[in-house]
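Okay, so here's the structure we're looking at.
Note that these values count all heavy atoms, side chains included, but never hydrogens, waters or copies made by symmetry. Start at 1 and go down the list; that is how both ligands and their atoms are numbered.
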Amino acid sequence: MRRLIPILSRVLILLLATTGSAFAQNDPEWTEPFPPFRIAGNLYYVGSKGLASYLVTTPQGNILINSDLEANVPLLRASIEKLGFKFKDTKVLLISHAHWDHDAGSAKIKELTGASYMVMDADVPVVESGGKADFQYGNRAEFLYPPAKVDRVLHDGDEVKLGGAVLVAHLTPGHTKGCTTWTIKVAEGGKTYNVVIVGSPNVNPGYKLVHNSSYPQIAQDYQRMFDVLKSLPCDIFLGAHGGYFGLEEKYAHGEEARRRPKAAPTSGADKAGDANPFLDPDGYKKFVAEKEQEFLTELAKQTLAAK
Ligand SMILES: [Zn+2]
């Protein structure tokens, strides 16, 4: 038995190392290019297949949401230019939350464009320390990145205004302490739509919802986040990862509708079949409800285990 213990502990270390590195590995879809396109009004998709980024264009310059990984900066630039905009016209840089897959490219983008970086108060120490102040990943070298100076500290409900565009920062904490859900109204075809860009409702593997000394109020924060998400009016459902809202399927659907020959105007076409696939209020409600259930299940499991 004495001899077995060192062997067992070695197996355990190996197992931990393997699962650890599997988790540390970035999803290959994060750096896979995706065609940039207009979602609605002055709102465009400029992210990769796995990491969502958005561009809000205005006559006074543009707002970019999510800088993604450092490796994604050239992709972001190419997407913006492919749409006919100038990367240099990026005046404001925002993020969904202070995790490397959404903010590691910020220092580079600030350097290349001179954009003003605006971040929710509780995420500021994390972005300014290059991830070191993160409650979960701060001591994991593989998740650190170049620190970036924040030019404007945002608080819950703050507005970011540029050239007539108004984005509202909603604090939706839990996934990170300053996780932010952005809302904006866009005009399209004589109508105005409420857009919601979800920060992240996910409870990551290894997150402690009970007795978490580095984030004691984490469970209450998650609940607060779900209450906020449920209160937001949503027509156009978006988020920090395309997987949240079915980016690929909706994009393909939109492309297919664009390619379809327009029927004669007398037939009353251009109705339901051509509706913007990103208009998905029911999909939003379903997503939020499912994620809240996942959180509650995990919280119940951890509460029971802590007894
Ligand atoms: Zn995250």
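Donor-acceptor pairing under 3.5 Å is recorded for the side chains of His155 and Asp121.
The name of the N, O or S atom in His99 nearest to the Zn ion (ligand 1) is ND1.
Because the distance cut-off is set at 2.8 Å, His102 fails to qualify as a neighbour of the Zn ion (ligand 1), as none of its N, O or S atoms comes that close. At a cut-off of 2.8 Å, His97 coordinates the Zn ion (ligand 1) through an N, O or S atom.
A salt bridge (charged side-chain N to carboxylate O under 4.0 Å, His left out) with Glu292 is found for exactly one of Lys230, Lys285, Lys286, namely Lys230.
In this structure, the side chains of Val166 and Lys185 stay at 4.5 Å or more apart for every pair of heavy atoms.
In Lys161, the NZ atom is not crowded: 12 or fewer heavy atoms of neighbouring residues, nucleotides or ligands sit closer than 6.0 Å.
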